[in-house]
Every structure is written in C-alpha cells, then in structure tokens.
Amino acid sequence: MLNNIGLPGLLLIAVVVLVLFGRGKISSLMGEVGKGITAFKRGVDDSKKEIDDTLADARDVTPEDEKDKV
C-alpha cells in the first residue's frame, strides 16, 4: 500500500499537514520531539554508566578484611 509513495507524495503530505496544523504548532511539536530524544539519550547514557560502575564493583571480589591486610 505505501510501497511507492515517492517524493511527490511526501511533499503533498507535508503541505497538507502544514495547512492543517500551521507552522507554529508543527515547530512546537518538533521541539518537544527533540527534547524527548535528548532525554532518551541521556537516560541510555546514565544506564550504561550505572551498568559499567556495577561491573567495576563486581570485579573486585576481595573480601573487606583481606583488603585491610594488604
């Protein structure tokens, strides 16, 4: 069904959306989408950092009383 839209079809859809919603509404929507993407990337980076910290702590398996002796 949507296999062969092409460039003219996409341009027509963009014009119809612009006419229906207006420039201001679309720009504010795109701003919110950008904020959402940024928040998602920040969350992924924080999760990776937390996992790396947990793995770094897990590698050190020396008991606490043995650490004091060294």
Item checked: side-chain contact (heavy atoms from CB on, under 4.5 Å) between Asp46 and Glu50, worked out -> CA-CA 6 Å; Asp46 290 346; Glu50 185 176 328; over 6 Å; no

Next item on the list: Would you give the length of the straight line joining atom OG1 of Thr38 to atom CZ of Arg42, rounded to the nearest 0.5 angstrom?
Entry: 6.5 Å

Check: Sequence neighbours excluded, which residues qualify as side chain to side chain contact (heavy atoms under 4.5 Å, CB included) partners of Ile26?
Finding: Val17, Leu18, Phe21, Met30

Note to self: Check for me, please, whether Val15 and Leu7 land in the same ILVMFWY cluster - side-chain distances under 4.5 Å, paths through other members count.
What the structure shows: no

Notebook entry, point to check: Applying the 4.5 Å side-chain criterion to the ILVMFWY set and letting contacts propagate, would Val16 and Ile13 be lumped into a single cluster?
Noted result: yes

Item checked: Where Ile5 and Leu10 come nearest, the two heavy atoms and their spacing -> CG2-N, 3.7 Å

Next item on the list: Nearest 0.5 Å please: distance from the CD1 atom of Ile37 over to the CD atom of Glu32.
Entry: 12.0 Å

